[in-house]
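Reckoned from all heavy atoms, side chains included, excluding hydrogens, waters and symmetry mates.
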Amino acid sequence: LSVLEANLALIRRYWPHNDDAILIAQTSLANCLGHLKRVDEALVLEREVYARRLAISGVSHENTIASGCNLVISMIVMKFFNEARSLLRDQLLPAARQAVGADSHLTLMLKRNLAVTLHDSPNRTRDDLLEA
């Protein structure tokens with residue numbers, strides 16, 4: 001963790017205009033935090049990465065969609081099912097189908113995550129279970 005934090009600090013210091021390098025370092029740090037069960041901290045970073053990728057590349061870029069997928073996974077872990085479901089339905093799945101195709105690995109992961117949000121939500125309905 002400390003190595004990834006130092007790496008991010010160095011990139012920000014010496015290459016502050018290299019957005020891609022900063023976003024990659026933040027993603028690595030968020031992944032590490034998630035593995036350490038510090039999902040609340042990972043979620044903050046993943047929201048930042050997704051928002052920045054959205055601003056730089058747009059919703060249909062594969063890196064933006066992948067960042068959104070990471071964000072959704074953390075939302076599911078934190079049990080933010082409604083927010084994850086909205087992000088998936090409104091932005092990520094339509095963009096993924098258009099950008100990388102309905103049968104791509106990324107689109108299939110997003111569909112799986114949508115099924116998890118529908119199935120695991122405590123407020124699920126019969127229709128949600130059928131859709132999942």
Side-chain angles (χ1 to χ4, degrees):
L1 177 63
S2 59
V3 171
L4 293 172
E5 290 170 334
N7 180 53
L8 178 57
L10 284 172
I11 292 170
R12 283 182 170 154
R13 179 175 179 186
Y14 293 108
W15 300 282
H17 302 293
N18 189 340
D19 289 325
D20 199 49
I22 292 169
L23 293 171
I24 290 168
Q26 286 179 305
T27 299
S28 296
L29 182 57
N31 288 339
C32 181
L33 289 166
H35 288 297
L36 294 172
K37 306 294 185 218
R38 293 168 59 176
V39 183
D40 52 337
E41 294 172 71
L43 186 62
V44 170
L45 270 175
E46 286 164 351
R47 285 184 195 276
E48 185 178 325
V49 169
Y50 178 68
R52 189 73 183 127
R53 288 240 183 246
L54 198 57
I56 293 170
S57 305
V59 70
S60 294
H61 194 279
E62 189 170 354
N63 289 340
T64 304
I65 297 165
S67 295
C69 187
N70 290 340
L71 175 56
V72 163
I73 291 168
S74 290
M75 287 177 176
I76 290 170
V77 171
M78 296 291 292
K79 302 193 184 315
F80 297 156
F81 298 115
N82 292 335
E83 187 178 358
R85 184 172 34 251
S86 294
L87 181 60
L88 285 161
R89 282 186 174 155
D90 299 342
Q91 292 183 27
L92 296 175
L93 276 167
R97 286 184 189 111
Q98 178 188 9
V100 295
D103 295 330
S104 78
H105 176 72
L106 188 53
T107 305
L108 294 174
M109 282 180 49
L110 294 170
K111 287 180 180 180
R112 179 198 171 277
N113 289 334
L114 178 60
V116 170
T117 66
L118 293 167
H119 180 269
D120 292 357
S121 175
N123 301 324
R124 67 183 174 259
T125 63
R126 182 179 185 276
D127 289 337
D128 289 339
L129 291 174
L130 290 172
E131 184 181 345

Qualifying salt bridge (charged side-chain N to carboxylate O under 4.0 Å, His left out) pairs, either residue in residues 92-121, two or more places apart: none

Stepwise salt bridge (charged side-chain N to carboxylate O under 4.0 Å, His left out) check, Asp20 with Arg52: CA-CA 10 Å; Asp20 199 49; Arg52 189 73 183 127; over 6 Å; no

Minimum heavy-atom distance Ala99-Ser60, with the two atoms named: CB-O, 3.0 Å

Shortest non-hydrogen contact between Ile76 and Ala84, atoms and distance: CG1-CB, 4.4 Å

Test side chain to side chain contact (heavy atoms under 4.5 Å, CB included) applied to Ser104 and Glu62, step by step: CA-CA 11 Å; Ser104 78; Glu62 189 170 354; over 6 Å; no

Closest contact, heavy atoms only, Ile11 versus Ala25: CD1-CB, 3.8 Å

Single-linkage hydrophobic cluster Leu87~Leu54, side-chain heavy atoms < 4.5 angstrom: yes

Cluster overlap Ile24 with Leu33, hydrophobic side-chain contacts below 4.5 Å: no

Under 3.5 Å: donor-acceptor pair, side chain of Thr64, backbone of Val59: no

CE on Met75 to CG on Leu71, rounded to 0.5 Å: 3.5 Å

Side chains of Leu1 and Arg38 in contact at under 4.5 Å (non-hydrogen atoms): yes

Co-membership, hydrophobic cluster, residues Val116 and Ile65, 4.5 Å side-chain: yes

For the student: nearest non-hydrogen atoms of Leu118 and Arg85, plus distance: CD2-CD, 3.5 Å

Please output the side-chain donor-acceptor pairs of residues 44-51 that fall under 3.5 Å, not counting sequence neighbours, one pair per line with the distance.
| unit_1 | atom_1 | unit_2 | atom_2 | d |
| --- | --- | --- | --- | --- |
| Glu46 | OE1 | Ser74 | OG | 2.4 |
| Glu46 | OE2 | Ser74 | OG | 3.4 |
| Arg47 | NH1 | Glu83 | OE2 | 2.6 |
| Arg47 | NH2 | Glu83 | OE1 | 3.2 |
| Arg47 | NH2 | Glu83 | OE2 | 3.3 |
| Glu48 | OE2 | Gln26 | NE2 | 2.7 |
| Tyr50 | OH | Gln91 | OE1 | 2.6 |

Spacing of CG belonging to Asn7 relative to CG belonging to Leu29, to within rounding of 0.5 Å: 9.5 Å

Distance in Å, Asn113 CG paired with Leu108 CG, rounded so as to fall on 0.5 Å steps: 11.0 Å

Minimum-distance pair of heavy atoms, taken over all atoms of Leu110 and Cys69: CD2-CB, 3.8 Å

Thr117 (side chain) donor-acceptor with Leu114 (main chain) under 3.5 angstrom: yes

Step-by-step side chain to side chain contact (heavy atoms under 4.5 Å, CB included) determination, Leu8 to Ile22: CA-CA 7 Å; Leu8 178 57; Ile22 292 169; 4.2 Å; yes

Leu23 vs Ile56 side-chain heavy atoms within contact, under 4.5 Å: yes

Val39 reachable from Phe81 in the ILVMFWY side-chain graph, under 4.5 Å edges: yes

Heavy atoms of other groups near Glu5 CD, more than 12 under 6.0 Å: yes

ILVMFWY network linking Met78 to Ile73, side-chain heavy atoms under 4.5 angstrom: no

For the student: nearest non-hydrogen atoms of Thr107 and Gly101, plus distance: OG1-O, 2.7 Å

